[in-house]
Engineer: 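First the structure, which I've put down as C-alpha coordinates, then a few questions once you've had a look.
Chain letters run A, B, ... following the sequence lines, proteins first, then strands; residues in each count from 1.
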2 protein chains.
Amino acid sequence: MPQITNARGYPIGAMSRETGVNIETIRYYERIELMPKPDRTAGGNRQYTHDHLKRLAFIKRSRELGFGIEEIRAMLTMVDQDSVTCGEVHAMTTEHLDSVKEKIRHLKKLERALTGMAAECAKGDVPDCPIIETLFEACNPDRNKTAR
Amino acid sequence: MPQITNARGYPIGAMSRETGVNIETIRYYERIELMPKPDRTAGGNRQYTHDHLKRLAFIKRSRELGFGIEEIRAMLTMVDQDSVTCGEVHAMTTEHLDSVKEKIRHLKKLERALTGMAAECAKGDVPDCPIIETLFEACNPDRNKTAR
DNA sequence: GTACCGTCTGTAGCGACTACAGATGAAAGG
DNA sequence: CCTTTCATCTGTAGTCGCTACAGACGGTAC
(Lines give C-alpha, C1' and ligand atoms only; values in the text may rest on other atoms or scores of the structure.)
Protein backbone atom coordinates (compact mmCIF):
# COMPACT_ATOMS: atom_id res chain seq x y z
CA MET A 1 0.00 0.00 0.00
CA PRO A 2 2.54 2.59 -0.98
CA GLN A 3 -0.25 4.79 -2.17
CA ILE A 4 -0.76 8.37 -1.26
CA THR A 5 -4.30 9.28 -0.39
CA ASN A 6 -4.21 13.02 -0.92
CA ALA A 7 -2.92 13.75 -4.40
CA ARG A 8 -0.44 16.42 -3.41
CA GLY A 9 -1.42 17.42 0.08
CA TYR A 10 -2.24 20.90 1.30
CA PRO A 11 0.14 23.80 1.08
CA ILE A 12 0.25 26.01 4.14
CA GLY A 13 -2.11 28.59 2.68
CA ALA A 14 -4.84 25.97 2.26
CA MET A 15 -4.34 24.86 5.87
CA SER A 16 -4.74 28.44 6.93
CA ARG A 17 -7.90 28.94 4.86
CA GLU A 18 -9.47 25.70 6.04
CA THR A 19 -8.86 26.27 9.73
CA GLY A 20 -8.70 30.02 10.04
CA VAL A 21 -5.26 29.75 11.63
CA ASN A 22 -2.77 32.36 10.44
CA ILE A 23 0.12 31.04 8.32
CA GLU A 24 2.71 32.45 10.69
CA THR A 25 0.91 30.80 13.57
CA ILE A 26 0.99 27.43 11.81
CA ARG A 27 4.75 27.75 11.42
CA TYR A 28 4.95 28.83 15.05
CA TYR A 29 3.10 25.67 16.10
CA GLU A 30 5.65 23.67 14.15
CA ARG A 31 8.53 25.47 15.84
CA ILE A 32 7.18 24.73 19.30
CA GLU A 33 6.47 21.15 18.19
CA LEU A 34 2.74 21.29 18.64
CA MET A 35 2.38 20.37 14.97
CA PRO A 36 4.70 17.74 13.47
CA LYS A 37 7.04 18.74 10.66
CA PRO A 38 5.32 18.08 7.35
CA ASP A 39 6.94 16.78 4.17
CA ARG A 40 8.33 19.30 1.75
CA THR A 41 8.07 19.71 -1.99
CA ALA A 42 11.24 19.50 -4.06
CA GLY A 43 11.47 23.26 -3.73
CA GLY A 44 11.07 23.20 0.05
CA ASN A 45 7.41 24.17 0.53
CA ARG A 46 5.43 22.43 3.25
CA GLN A 47 2.93 19.76 2.19
CA TYR A 48 0.35 18.82 4.76
CA THR A 49 -1.85 15.75 5.00
CA HIS A 50 -5.44 15.45 6.09
CA ASP A 51 -4.22 14.33 9.52
CA HIS A 52 -2.31 17.56 9.88
CA LEU A 53 -5.49 19.40 9.03
CA LYS A 54 -7.50 17.55 11.66
CA ARG A 55 -4.83 18.24 14.25
CA LEU A 56 -4.66 21.91 13.43
CA ALA A 57 -8.45 22.17 13.62
CA PHE A 58 -8.28 20.54 17.06
CA ILE A 59 -5.74 23.11 18.17
CA LYS A 60 -7.82 25.96 16.78
CA ARG A 61 -10.97 24.81 18.49
CA SER A 62 -9.14 24.27 21.78
CA ARG A 63 -7.55 27.71 21.60
CA GLU A 64 -10.96 29.24 20.91
CA LEU A 65 -12.17 27.58 24.07
CA GLY A 66 -9.32 29.23 25.91
CA PHE A 67 -7.08 26.22 26.54
CA GLY A 68 -3.42 27.09 26.81
CA ILE A 69 -0.81 25.69 24.47
CA GLU A 70 0.58 23.33 27.11
CA GLU A 71 -2.85 21.99 27.94
CA ILE A 72 -3.43 21.34 24.26
CA ARG A 73 -0.04 19.72 24.00
CA ALA A 74 -0.95 17.41 26.90
CA MET A 75 -4.23 16.41 25.25
CA LEU A 76 -2.58 15.81 21.89
CA THR A 77 0.15 13.75 23.49
CA MET A 78 -2.53 11.53 25.02
CA VAL A 79 -4.18 11.24 21.63
CA ASP A 80 -0.84 10.44 19.96
CA GLN A 81 -0.06 7.76 22.51
CA ASP A 82 -3.60 6.40 22.41
CA SER A 83 -3.63 6.91 26.15
CA VAL A 84 -6.65 9.17 26.41
CA THR A 85 -8.69 8.63 29.52
CA CYS A 86 -11.95 10.40 29.89
CA GLY A 87 -11.24 11.15 33.53
CA GLU A 88 -8.06 13.05 32.84
CA VAL A 89 -9.61 15.05 30.03
CA HIS A 90 -12.62 15.82 32.19
CA ALA A 91 -10.33 17.03 34.96
CA MET A 92 -8.47 19.34 32.59
CA THR A 93 -11.73 20.68 31.25
CA THR A 94 -13.25 21.43 34.64
CA GLU A 95 -10.01 22.98 35.83
CA HIS A 96 -10.03 25.26 32.83
CA LEU A 97 -13.72 25.93 33.34
CA ASP A 98 -12.98 27.03 36.89
CA SER A 99 -10.36 29.47 35.68
CA VAL A 100 -12.86 30.87 33.18
CA LYS A 101 -15.43 31.32 35.94
CA GLU A 102 -12.81 33.03 38.08
CA LYS A 103 -12.02 35.44 35.27
CA ILE A 104 -15.71 36.20 34.85
CA ARG A 105 -16.03 36.96 38.56
CA HIS A 106 -13.03 39.28 38.39
CA LEU A 107 -14.28 41.10 35.31
CA LYS A 108 -17.71 41.55 36.85
CA LYS A 109 -16.11 43.25 39.83
CA LEU A 110 -14.33 45.60 37.44
CA GLU A 111 -17.57 46.17 35.58
CA ARG A 112 -19.38 47.19 38.76
CA ALA A 113 -16.57 49.51 39.84
CA LEU A 114 -16.27 51.15 36.43
CA THR A 115 -20.03 51.53 36.05
CA GLY A 116 -20.18 53.24 39.42
CA MET A 117 -17.36 55.59 38.55
CA ALA A 118 -18.83 56.49 35.18
CA ALA A 119 -22.16 57.26 36.82
CA GLU A 120 -20.52 59.75 39.21
CA CYS A 121 -19.28 61.75 36.31
CA ALA A 122 -21.09 64.73 34.81
CA LYS A 123 -18.90 64.32 31.71
CA GLY A 124 -18.89 67.99 30.83
CA ASP A 125 -15.97 70.28 30.13
CA VAL A 126 -15.33 70.46 33.86
CA PRO A 127 -11.76 70.01 34.97
CA ASP A 128 -12.65 68.46 38.33
CA CYS A 129 -13.34 64.87 37.49
CA PRO A 130 -14.71 62.44 40.07
CA ILE A 131 -13.20 59.51 38.14
CA ILE A 132 -9.70 60.93 38.44
CA GLU A 133 -10.35 61.67 42.08
CA THR A 134 -11.46 58.11 42.73
CA LEU A 135 -8.35 56.80 41.05
CA PHE A 136 -6.17 59.01 43.25
CA GLU A 137 -7.82 57.75 46.39
CA ALA A 138 -6.05 54.73 47.69
CA CYS A 139 -8.84 52.45 48.78
CA ASN A 140 -6.96 49.52 50.17
CA PRO A 141 -8.33 48.86 53.66
CA ASP A 142 -5.08 47.44 55.10
CA ARG A 143 -2.96 50.35 54.00
CA ASN A 144 -3.28 51.83 57.52
CA LYS A 145 -1.66 48.79 59.08
CA THR A 146 1.38 48.95 56.85
CA ALA A 147 1.85 52.71 56.99
CA ARG A 148 3.94 53.82 59.92
CA MET B 1 11.60 78.24 50.15
CA PRO B 2 14.44 75.84 49.57
CA GLN B 3 13.02 73.55 52.17
CA ILE B 4 12.42 69.87 51.77
CA THR B 5 9.06 68.68 53.01
CA ASN B 6 9.73 64.98 53.43
CA ALA B 7 12.75 64.49 55.66
CA ARG B 8 14.51 61.97 53.45
CA GLY B 9 11.87 60.68 51.11
CA TYR B 10 10.88 57.08 50.50
CA PRO B 11 13.28 54.45 49.25
CA ILE B 12 11.89 52.15 46.59
CA GLY B 13 11.08 49.39 49.07
CA ALA B 14 8.81 51.72 51.04
CA MET B 15 7.04 52.72 47.83
CA SER B 16 6.53 49.07 47.08
CA ARG B 17 5.17 48.33 50.55
CA GLU B 18 2.86 51.33 50.56
CA THR B 19 1.33 50.67 47.16
CA GLY B 20 1.70 46.94 46.72
CA VAL B 21 3.58 47.51 43.48
CA ASN B 22 6.59 45.24 42.99
CA ILE B 23 9.99 46.96 43.11
CA GLU B 24 10.92 45.72 39.67
CA THR B 25 7.63 47.05 38.37
CA ILE B 26 8.31 50.49 39.83
CA ARG B 27 11.65 50.59 38.01
CA TYR B 28 9.87 49.37 34.90
CA TYR B 29 7.39 52.27 35.16
CA GLU B 30 10.35 54.63 35.37
CA ARG B 31 11.97 53.06 32.31
CA ILE B 32 8.81 53.50 30.24
CA GLU B 33 8.47 57.01 31.62
CA LEU B 34 5.18 56.47 33.38
CA MET B 35 6.85 57.51 36.63
CA PRO B 36 9.29 60.45 36.63
CA LYS B 37 12.91 59.84 37.58
CA PRO B 38 13.30 60.45 41.30
CA ASP B 39 16.28 62.05 43.03
CA ARG B 40 19.08 59.80 44.18
CA THR B 41 21.04 59.52 47.42
CA ALA B 42 24.79 60.14 47.33
CA GLY B 43 25.18 56.40 46.83
CA GLY B 44 22.72 56.26 43.95
CA ASN B 45 19.56 54.91 45.58
CA ARG B 46 16.20 56.29 44.51
CA GLN B 47 14.47 58.74 46.87
CA TYR B 48 10.78 59.27 46.24
CA THR B 49 8.51 62.09 47.37
CA HIS B 50 4.92 61.92 48.50
CA ASP B 51 3.86 63.03 45.01
CA HIS B 52 5.58 60.02 43.56
CA LEU B 53 3.68 57.88 46.01
CA LYS B 54 0.34 59.39 45.00
CA ARG B 55 1.13 58.88 41.35
CA LEU B 56 2.15 55.27 41.84
CA ALA B 57 -1.03 54.59 43.80
CA PHE B 58 -3.01 56.07 40.92
CA ILE B 59 -1.27 53.75 38.51
CA LYS B 60 -1.86 50.75 40.74
CA ARG B 61 -5.53 51.48 41.13
CA SER B 62 -5.95 52.06 37.42
CA ARG B 63 -4.16 48.83 36.57
CA GLU B 64 -6.38 46.97 39.02
CA LEU B 65 -9.35 48.35 37.15
CA GLY B 66 -7.88 46.93 33.97
CA PHE B 67 -6.74 50.14 32.27
CA GLY B 68 -3.80 49.66 29.95
CA ILE B 69 -0.52 51.44 30.44
CA GLU B 70 -1.12 53.80 27.54
CA GLU B 71 -4.56 54.75 28.84
CA ILE B 72 -3.03 55.49 32.22
CA ARG B 73 -0.30 57.49 30.55
CA ALA B 74 -2.93 59.54 28.74
CA MET B 75 -4.80 60.27 31.97
CA LEU B 76 -1.63 61.18 33.84
CA THR B 77 -0.52 63.45 31.02
CA MET B 78 -3.83 65.30 31.33
CA VAL B 79 -3.30 65.57 35.06
CA ASP B 80 0.27 66.80 34.59
CA GLN B 81 -0.82 69.44 32.11
CA ASP B 82 -3.82 70.42 34.21
CA SER B 83 -5.90 69.74 31.13
CA VAL B 84 -8.27 67.15 32.57
CA THR B 85 -11.75 67.33 31.18
CA CYS B 86 -14.40 65.19 32.67
CA GLY B 87 -15.80 64.39 29.24
CA GLU B 88 -12.59 62.86 27.98
CA VAL B 89 -12.04 60.82 31.11
CA HIS B 90 -15.63 59.65 31.01
CA ALA B 91 -15.17 58.57 27.39
CA MET B 92 -12.06 56.59 28.24
CA THR B 93 -13.82 54.95 31.15
CA THR B 94 -16.88 53.90 29.19
CA GLU B 95 -14.71 52.66 26.34
CA HIS B 96 -12.80 50.53 28.76
CA LEU B 97 -16.02 49.43 30.39
CA ASP B 98 -17.30 48.29 27.02
CA SER B 99 -14.22 46.19 26.48
CA VAL B 100 -14.70 44.63 29.91
CA LYS B 101 -18.30 43.81 29.06
CA GLU B 102 -17.18 42.33 25.77
CA LYS B 103 -14.68 40.11 27.56
CA ILE B 104 -17.39 38.97 29.96
CA ARG B 105 -19.67 38.06 27.06
CA HIS B 106 -16.87 36.10 25.43
CA LEU B 107 -15.96 34.25 28.61
CA LYS B 108 -19.59 33.37 29.26
CA LYS B 109 -19.77 31.78 25.84
CA LEU B 110 -16.71 29.71 26.72
CA GLU B 111 -18.25 28.84 30.06
CA ARG B 112 -21.41 27.53 28.40
CA ALA B 113 -19.46 25.50 25.84
CA LEU B 114 -17.12 24.01 28.43
CA THR B 115 -19.93 23.22 30.83
CA GLY B 116 -21.80 21.42 28.06
CA MET B 117 -18.73 19.44 27.10
CA ALA B 118 -17.92 18.47 30.68
CA ALA B 119 -21.50 17.26 31.17
CA GLU B 120 -21.22 14.92 28.17
CA CYS B 121 -18.34 13.15 29.78
CA ALA B 122 -18.66 10.04 31.92
CA LYS B 123 -15.14 10.79 33.25
CA GLY B 124 -14.23 7.15 33.81
CA ASP B 125 -11.20 5.22 32.63
CA VAL B 126 -12.79 5.02 29.21
CA PRO B 127 -10.52 5.88 26.28
CA ASP B 128 -13.32 7.22 24.09
CA CYS B 129 -13.81 10.73 25.32
CA PRO B 130 -16.66 12.91 24.09
CA ILE B 131 -14.65 16.03 24.95
CA ILE B 132 -11.80 15.02 22.68
CA GLU B 133 -14.32 14.12 19.99
CA THR B 134 -15.99 17.50 20.24
CA LEU B 135 -12.62 19.20 19.94
CA PHE B 136 -11.85 17.20 16.81
CA GLU B 137 -15.11 18.21 15.20
CA ALA B 138 -14.76 21.39 13.27
CA CYS B 139 -17.91 23.29 14.06
CA ASN B 140 -17.49 26.41 12.04
CA PRO B 141 -20.67 26.88 10.00
CA ASP B 142 -18.97 28.64 7.08
CA ARG B 143 -16.31 25.98 6.65
CA ASN B 144 -18.45 24.38 3.90
CA LYS B 145 -18.38 27.53 1.82
CA THR B 146 -14.59 27.75 1.86
CA ALA B 147 -13.93 24.07 1.32
CA ARG B 148 -13.82 23.09 -2.29
C1' DG C 1 34.65 46.31 61.33
C1' DT C 2 31.34 43.34 59.83
C1' DA C 3 26.96 41.35 59.12
C1' DC C 4 23.05 41.81 56.60
C1' DC C 5 19.65 43.64 54.25
C1' DG C 6 18.18 46.90 50.54
C1' DT C 7 19.08 48.56 46.26
C1' DC C 8 21.56 49.02 41.88
C1' DT C 9 22.03 47.95 36.56
C1' DG C 10 21.24 45.10 32.84
C1' DT C 11 19.38 41.43 30.47
C1' DA C 12 16.43 37.61 29.40
C1' DG C 13 12.14 35.26 29.89
C1' DC C 14 6.92 34.60 29.91
C1' DG C 15 2.42 33.40 26.39
C1' DA C 16 0.82 33.29 22.12
C1' DC C 17 1.38 35.10 18.63
C1' DT C 18 2.30 38.99 14.79
C1' DA C 19 4.97 41.57 11.58
C1' DC C 20 8.18 42.43 8.95
C1' DA C 21 12.48 41.84 5.32
C1' DG C 22 14.48 39.74 1.72
C1' DA C 23 14.85 35.55 -0.87
C1' DT C 24 12.86 31.61 -3.45
C1' DG C 25 9.03 28.39 -5.33
C1' DA C 26 5.08 27.40 -8.18
C1' DA C 27 1.75 27.92 -11.51
C1' DA C 28 -0.60 30.25 -15.32
C1' DG C 29 -0.48 32.97 -19.60
C1' DG C 30 1.83 34.23 -23.71
C1' DC D 1 10.98 29.19 -22.78
C1' DC D 2 9.97 33.47 -20.40
C1' DT D 3 7.57 36.55 -17.55
C1' DT D 4 4.45 37.81 -14.18
C1' DT D 5 2.33 37.17 -9.99
C1' DC D 6 1.29 35.06 -6.16
C1' DA D 7 2.62 31.78 -2.41
C1' DT D 8 5.89 30.40 0.52
C1' DC D 9 10.45 30.32 2.64
C1' DT D 10 13.78 31.57 6.80
C1' DG D 11 14.97 34.36 10.47
C1' DT D 12 14.47 37.92 13.62
C1' DA D 13 12.27 41.32 16.37
C1' DG D 14 8.22 43.31 18.31
C1' DT D 15 3.81 43.13 21.20
C1' DC D 16 2.00 43.70 26.68
C1' DG D 17 3.04 44.12 31.36
C1' DC D 18 5.61 42.61 33.92
C1' DT D 19 8.97 39.04 36.50
C1' DA D 20 13.28 36.88 37.50
C1' DC D 21 17.47 36.50 37.78
C1' DA D 22 22.97 37.66 38.34
C1' DG D 23 26.46 40.05 40.30
C1' DA D 24 27.80 44.33 42.34
C1' DC D 25 27.22 48.14 45.52
C1' DG D 26 24.67 51.22 49.49
C1' DG D 27 23.11 51.90 54.16
C1' DT D 28 22.53 50.93 58.82
C1' DA D 29 22.89 48.57 63.36
C1' DC D 30 25.68 46.27 66.51
Engineer: For the pair B:Asp80 and B:Arg55, evaluate salt bridge (Lys or Arg N to Asp or Glu O under 4.0 Å) and give the outcome as yes or no after the intermediate values.
Structural biologist: CA-CA 10 Å; B:Asp80 290 345; B:Arg55 191 184 184 92; 3.0 Å; yes

Engineer: Does C:dC8 have OP1 or OP2 sitting under 4.0 Å from an N or O in the side chain of B:Arg46?
Structural biologist: yes

Engineer: Have a look at B:Tyr29 and say if it touches a base, only the backbone sugar-phosphate, or nothing, with a 4.0 Å heavy-atom cut-off.
Structural biologist: sugar-phosphate

Engineer: Side-chain N or O of B:Arg40 versus OP1/OP2 of D:dG26: is the shortest distance under 4.0 Å?
Structural biologist: no

Engineer: Only one of B:His50, B:Arg46, B:Arg17, B:Gln47 passes side chain to side chain contact (heavy atoms under 4.5 Å, CB included) with B:Tyr10; say which it is.
Structural biologist: B:His50

Engineer: How close or far is atom C1' of D:dG17 from atom CD1 of B:Ile32, stated in whole angstroms?
Structural biologist: 8 Å

Engineer: Rounded to whole angstrom units, what separation is found between the CD atom of A:Glu70 and the P atom of C:dC17?
Structural biologist: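 Rounding to the nearest Å, CD of A:Glu70 and P of C:dC17 are 12 Å apart.
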
Engineer: Figure out the CD/P separation between B:Glu30 and D:dG17, and round it to whole Å.
Structural biologist: 19 Å

Engineer: In whole angstrom, give the distance that lies between atom CD of B:Glu71 and atom C1' of D:dG17.
Structural biologist: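 That distance rounds to 13 Å.
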
Engineer: For the pair made of CG in B:Leu34 and P in D:dC16, what is the distance, rounded to whole Å?
Structural biologist: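 Rounding to the nearest Å, CG of B:Leu34 and P of D:dC16 are 13 Å apart.
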
Engineer: Roughly, in whole Å, what's the span from NE2 in A:His96 to C1' in C:dG15?
Structural biologist: 14 Å

Engineer: Does OP1 or OP2 of C:dT18 have a side-chain N or O of A:Thr25 closer than 4.0 Å?
Structural biologist: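 Yes.
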
Engineer: On the nucleotide D:dT19, are OP1 or OP2 found under 4.0 Å from the side-chain N or O atoms that B:Asn22 carries?
Structural biologist: yes

Engineer: Which one, C:dC17, C:dT7, D:dC21, comes nearest to the side chain of B:Glu24?
Structural biologist: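 Comparing C:dC17, C:dT7, D:dC21 against the side chain of B:Glu24, the answer is D:dC21.
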
Engineer: To the nearest Å, how far apart are B:Ile59 CD1 and D:dG17 P?
Structural biologist: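 In whole Å, D:dG17 P lies 12 Å from B:Ile59 CD1.
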
Engineer: Side chains of A:Thr93 and A:His96: do they bring a donor and an acceptor to under 3.5 Å?
Structural biologist: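 No, no side-chain donor-acceptor pair sits under 3.5 Å.
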
Engineer: Where along residues 101-114 of chain A does a heavy atom fall under 4.0 Å from DNA chain D?
Structural biologist: none

Engineer: Using heavy atoms to find the nearest nucleotide of DNA chain C for A:Thr41 and A:Phe67 separately, return the residue whose nucleotide is more 5′.
Structural biologist: A:Phe67

Engineer: When all nucleic acid strands are considered with a 4.0 Å heavy-atom cut-off, which category describes A:Arg27: base, sugar-phosphate, or nothing?
Structural biologist: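 Base: the residue A:Arg27, judged by heavy atoms under 4.0 Å, touches a nucleobase.
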
Engineer: Side chain of A:Ile12: nearest nucleotide among D:dC9, C:dA19, D:dT19?
Structural biologist: D:dC9

Engineer: For the helix from C:dG1-D:dC30 to C:dG30-D:dC1, how many degrees between its two end axes (five pairs per end), to the nearest 10°?
Structural biologist: 20°

Engineer: Name the nucleic acid region contacted by A:Ile23, choosing base, sugar-phosphate or nothing; use a 4.0 angstrom heavy-atom cut-off, strictly under.
Structural biologist: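 Touches sugar-phosphate only.
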
Engineer: Among the candidates D:dG26, C:dT18, C:dG25, find the nucleotide nearest to the side-chain atoms of B:Asn45.
Structural biologist: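 Looking only at heavy atoms from C-beta outward on B:Asn45, the closest nucleotide is D:dG26.
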
Engineer: Does A:Glu88 have any side-chain hydrogen bond (donor to acceptor under 3.5 Å, both in side chains) partners at least two apart in sequence or in another chain, and if so, which?
Structural biologist: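 Once residues adjacent in sequence are excluded, the partners of A:Glu88 under the side-chain hydrogen bond (donor to acceptor under 3.5 Å, both in side chains) criterion are A:Thr85.
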
Engineer: How many Å lie between CD on A:Glu64 and P on C:dC17, as a whole number?
Structural biologist: 11 Å

Engineer: For the side chain of B:Arg31, counting heavy atoms from C-beta on, which of D:dG17, D:dT19, D:dT8 is nearest?
Structural biologist: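 Selected nucleotide (nearest to the side chain): D:dT19.
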
